[in-house]
Amino acid sequence: PAAEEKKTAESRGARPESPVKSSRSRKPAAGAEVDLEKWHEVVESMDLGGIARQLADNCVYRSWDGRTLQLQLDPTHRHLQVGSSQQRLRLALQDLLDADVKLVIEAEAAQVDTPAMRQARTREERQREAESEMAADPLVKTMEERFGARLIPESVKPVDSTGSGK
């Protein structure tokens with residue numbers, strides 16, 4: 001019976017479901033509540049890329065009434081608000097929320113940080129920490145004292161948890 005259902009679905013043009021999910025997607029377990037007020041976590045949980053991801057990263061949550069999701073877009077990024085990126089974001093939200101979603105995005109200065117702003121702040125903090133660690137390194141201090149070397153802050157890059165610079 002399951003094989004017959006699959007064949008019937010394929011004959012109607014439906015694609016068979018793939019058991020493999022993207023490793024980037026961290027969709028909540030079935031029945032789990034999605035807290036849209038934690039928009040940065042919502043964005044991370046969706047399998048979005050490209051302009052649609054940038055659009056989501058530069059928005060903040062305003063409201064959700066069970067049908068209409070209102071987001072606020074940082075006005076400096078209104079160029080990201082194109083039909084295809086909004087459509088991809090809306091579809092990802094529908095998949096995440098398991099509901100029809102009407103997406104309304106208004107370009108207006110936000111009172112809270114967008115996910116992109118949080119990411120930039122984290123990168124800046126990591127950069128400052130890396131520069132401080134290098135400046136305090138005994139070998140660097142020795143090179144400065146003995147050879148007149150100087151540390152060029154822009155040449156210092158933080159190392160991510162896998163050991164590669166990012």
Side-chain angles (χ1 to χ4, degrees), residues 13-136 151-166:
R15 294 185 322 204
E17 280 192 46
S18 170
V20 178
K21 294 282 185 189
S22 167
S23 60
R24 277 187 4 197
S25 179
R26 285 177 245 134
K27 186 174 178 179
E33 190 72 23
V34 176
D35 186 355
L36 293 169
E37 290 186 17
K38 294 181 180 177
W39 181 248
H40 60 285
E41 292 177 10
V42 171
V43 172
E44 286 295 319
S45 72
M46 292 186 292
D47 189 20
L48 279 175
I51 303 290
R53 174 59 187 252
Q54 291 178 34
L55 176 63
D57 275 337
N58 286 285
C59 285
V60 293
Y61 168 82
R62 285 179 92 180
S63 67
W64 166 247
D65 65 8
R67 168 92 177 103
T68 302
L69 175 62
Q70 292 189 337
L71 301 176
Q72 196 169 342
L73 174 65
D74 180 338
T76 61
H77 298 284
R78 74 173 41 145
H79 62 279
L80 300 171
Q81 195 175 359
V82 295
S84 59
S85 61
Q86 285 187 217
Q87 176 71 355
R88 288 179 44 224
L89 176 55
R90 186 181 66 77
L91 292 173
L93 286 162
Q94 283 185 176
D95 184 48
L96 181 71
L97 298 170
D98 196 27
D100 286 336
V101 174
K102 177 182 177 193
L103 183 60
V104 176
I105 301 175
E106 295 177 10
E108 184 178 315
Q111 301 301 315
V112 296
D113 287 347
T114 65
M117 290 173 178
R118 285 176 179 233
Q119 293 163 5
R121 187 173 54 244
T122 299
R123 276 191 306 274
E124 290 166 4
E125 289 170 3
R126 290 184 65 227
Q127 180 65 31
R128 279 193 302 274
E129 288 172 9
E131 289 173 11
S132 293
E133 288 176 17
M134 284 298 292
L151 184 64
I152 301 171
E154 303 82 39
S155 69
V156 176
K157 300 293 178 216
V159 177
D160 68 14
S161 60
T162 62
S164 64
K166 277 200 172 180

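Note that these values count all heavy atoms, side chains included, but never hydrogens, waters or copies made by symmetry.
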For residues 75-83, please give each side-chain donor-acceptor pair under 3.5 Å, one per line with the distance, not counting sequence neighbours.
{"residue": "Thr76", "atom": "OG1", "partner": "Asp74", "partner atom": "OD1", "Å": "2.9"}
{"residue": "His77", "atom": "NE2", "partner": "Asn58", "partner atom": "OD1", "Å": "3.2"}
{"residue": "Gln81", "atom": "NE2", "partner": "Ile105", "partner atom": "O", "Å": "2.9"}

Notebook entry, point to check: CD/Glu106 to SG/Cys59 distance, rounded to the nearest 0.5 angstrom?
Noted result: 11.0 Å

Notebook entry, point to check: Atom CD of Glu33 and atom CG of Leu97: how far apart are they, to the nearest 0.5 Å?
Noted result: 9.0 Å

Check: Should Val101 and Leu96 count as side-chain neighbours, where that means a heavy-atom distance under 4.5 Å?
Finding: no

Notebook entry, point to check: For Asp100, what residues pass the salt bridge (charged side-chain N to carboxylate O under 4.0 Å, His left out) criterion, not counting sequence neighbours?
Noted result: none

Check: Which heavy atom in Val112 sits nearest to a heavy atom in Met117, and how many Å separate them?
Finding: O-SD, 4.5 Å

Next item on the list: With sequence neighbours excluded, tell me which residues meet side-chain hydrogen bond (donor to acceptor under 3.5 Å, both in side chains) with Gln54.
Entry: none

Item checked: Atom pair CG/CH2 of Leu71 and Trp39 - distance to nearest 0.5 Å -> 4.5 Å

Next item on the list: Could you tell me which residues satisfy side-chain hydrogen bond (donor to acceptor under 3.5 Å, both in side chains) with Arg90, sequence neighbours excluded, listed by chain and number?
Entry: Gln87, Gln94

Checklist line | Set of residues satisfying side-chain hydrogen bond (donor to acceptor under 3.5 Å, both in side chains) with respect to Arg121, sequence neighbours excluded | finding: Asp113

Notebook entry, point to check: Does Glu44 pair with Arg53 as a salt bridge, N-O distance under 4.0 Å?
Noted result: yes

Item checked: Euclidean distance, Gln70 CD relative to Tyr61 OH, rounded to 0.5 Å -> 9.0 Å

Next item on the list: Hey, could you give me the CZ/CZ distance between Arg126 and Arg128, rounded to the nearest 0.5 Å?
Entry: 12.5 Å

Next item on the list: Let me know which of Leu89, Thr114, Asp57, Leu55 forms a side-chain contact (heavy atoms from CB on, under 4.5 Å) with Val43.
Entry: Asp57

Check: Of all heavy-atom pairs between Ser85 and Ala52, which one has the smallest distance, and what is that distance?
Finding: O-CB, 3.7 Å

Notebook entry, point to check: Could you state the interatomic distance from CZ (Arg88) to CG (Asp47), rounded to the nearest 0.5 Å?
Noted result: 9.5 Å

Check: With Glu125, which residues qualify under salt bridge (charged side-chain N to carboxylate O under 4.0 Å, His left out), at least two apart?
Finding: none

